[in-house]
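Worksheet: the structure to be examined is printed underneath.
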Amino acid sequence: MLPTIPEARIIQAATAGTSAFFDLISEATLEAVGGSLDAATMSQLSGEQVTMLAYRIFRSEMLEGGYIQLIHNGYGPFIFFNPFAKAMRLWGDSLEPDNNDNTLHVFSRQVYKARKLFEQYEETITHDMDDEAFMALYEQFPDFDPLDDDYVDNEKDITAAIATYIDNNIHDFVVVDK
């Protein structure tokens, strides 16, 4: 399902910056499937669109509370057991084919590192707990700290690279109404 967005809105968002452009495209896609991403709505989307929405969820969770929050809120399997990290590497290949250290390749490697920690600590992080016990997880699992910091430090570049990929392949994501 490709949502339709007026070209003027896309140009306006792109002029406002890569984050605004990404937000416009991803919000329109999410709205096109009723505002939530689940098994039923994912089947209405392309793999590219699901990957974009996975990044939308990832980014939101990471900027709010890092990998521990992302995992605790139940997004670990969605991010780590689907080809999200691989898709990021492939999107990076399309942007910079001869650069194995491009932004999305580095990001992909970071997600794979976080997956190893997820597999190690999933049971403890995902069980029900009160706010105090949740906050204690950050002290209990400091291995996530460098990954959290790295993402936050590079979020603008990662989002810009993803927005560039979307822009280069806009017709795989939305219908542009001229």
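Fair warning: this is a prediction, and the values are worked out from it, not measured in the lab.
- Among residues two or more places apart in sequence or in another chain, the ring-ring contact (aromatic ring centres under 6.0 Å, His included) test is passed with Tyr75 by none.
- Gln110 and Phe58 get closest at one heavy-atom pair: OE1-CZ, 4.3 Å.
- With sequence neighbours left out, Phe144 forms a ring-ring contact (aromatic ring centres under 6.0 Å, His included) with no residue at all.
- By the 4.5 Å heavy-atom criterion applied to side chains, Leu95 and Asn102 are not counted as neighbours.
- Between Ile68 and Phe134 the shortest side-chain heavy-atom distance falls below 4.5 Å.
- For His72 (side chain) and Thr126 (main-chain N/O), no donor-acceptor pair under 3.5 Å exists by modelled atom type.
- Contact of the Gln69 side chain with the Glu64 side chain is registered, since non-hydrogen atoms from C-beta on lie closer than 4.5 Å.
- A distance of 13.0 Å separates CH2 in Trp91 from CD1 in Ile158, rounded to the nearest 0.5 Å.
- Of the inter-residue distances, the one linking Tyr67 atom OH with Glu61 atom CD reads 12.0 Å to the nearest 0.5 angstrom.
- Checked by atom type and distance alone, the side chain of Thr29 pairs as donor or acceptor with a backbone atom of Ile25 at under 3.5 Å.
- Residues passing the ring-ring contact (aromatic ring centres under 6.0 Å, His included) test with His105: none are found, sequence neighbours excluded.
- Residues satisfying the side-chain hydrogen bond (donor to acceptor under 3.5 Å, both in side chains) criterion with Tyr151, sequence neighbours excluded, are Tyr55.
- From Asn73, atom CG reaches atom CD1 of Ile57 across 11.0 Å, with rounding to the nearest 0.5 Å.
- Taking a 4.5 Å side-chain heavy-atom cut-off between Ile, Leu, Val, Met, Phe, Trp and Tyr, the cluster of Val175 extends to Leu2.
- For the pair Phe107/Asn154, no side-chain contact is recorded, criterion being any heavy-atom separation below 4.5 Å from C-beta on.
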Just list the side-chain donor-acceptor pairs under 3.5 Å for residues 4-20, sequence neighbours left out, or say none.
unit_1 : atom_1 : unit_2 : atom_2 : d
Thr15  : OG1    : Ile11  : O      : 2.8
Ser19  : OG     : Arg59  : NH2    : 2.5

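- At a threshold of 4.5 Å between non-hydrogen side-chain atoms, the residues Ser46 and Met52 do not count as touching.
- Within the model, atoms OG1 of Thr51 and CE of Met88 stand 6.0 Å from one another, a figure rounded to the nearest 0.5 Å.
- Counting only residues at least two apart or on different chains, the salt bridge (charged side-chain N to carboxylate O under 4.0 Å, His left out) pairs with a member in residues 67-93 are Arg89-Asp93.
- In terms of heavy atoms, Ala85 sits closest to Val111 at CB-CG1, 3.8 Å.
- Both Leu70 and Val152 are part of a single hydrophobic cluster, where members link through side-chain heavy atoms under 4.5 Å apart.
- A distance-only check finds no donor-acceptor pair linking the side chain of Thr103 to the backbone of Asp157 [under 3.5 Å].
- For residues 120-147, no pair satisfies salt bridge (charged side-chain N to carboxylate O under 4.0 Å, His left out), with sequence neighbours left out.
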Identify every side-chain donor-acceptor pair in residues 32-39 under 3.5 Å, counting partners at least two apart or on other chains, and give the distances.
unit_1 : atom_1 : unit_2 : atom_2 : d
Asp38  : OD1    : Ala40  : N      : 3.1
Asp38  : OD1    : Thr41  : N      : 2.9
Asp38  : OD1    : Thr41  : OG1    : 3.2

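- How far CD1 of Ile162 is from CZ of Arg56: 13.0 Å, rounded to the nearest 0.5 Å.
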Checklist line | Val50 and Phe78: CA distance, side-chain angles, deciding distance, side chain to side chain contact (heavy atoms under 4.5 Å, CB included) verdict | finding: CA-CA 10 Å; Val50 172; Phe78 179 58; 4.2 Å; yes
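- A ring-centre distance under 6.0 Å is not found for Phe80 and Phe84.
- A distance of 10.0 Å separates CG in Leu137 from CD1 in Ile71, rounded to the nearest 0.5 Å.
- Pairs engaging residues 98-121 under the salt bridge (charged side-chain N to carboxylate O under 4.0 Å, His left out) rule: Asp101-Arg109, Arg115-Glu119 [sequence neighbours left out].
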Considering only distance and modelled atom types, tabulate donor-acceptor pairs under 3.5 Å from the side chains of residues 165-173, sequence neighbours left out.
unit_1 : atom_1 : unit_2 : atom_2 : d
Tyr165 : OH     : Glu48  : OE2    : 2.4
Asn169 : ND2    : Tyr165 : O      : 2.8

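- For Asp153, there are no side-chain hydrogen bond (donor to acceptor under 3.5 Å, both in side chains) partners at least two apart in sequence or on another chain.
- When hydrophobic clusters are built by joining Ile, Leu, Val, Met, Phe, Trp and Tyr residues whose side-chain heavy atoms come closer than 4.5 Å, directly or via intermediates, Leu117 is grouped together with Phe81.
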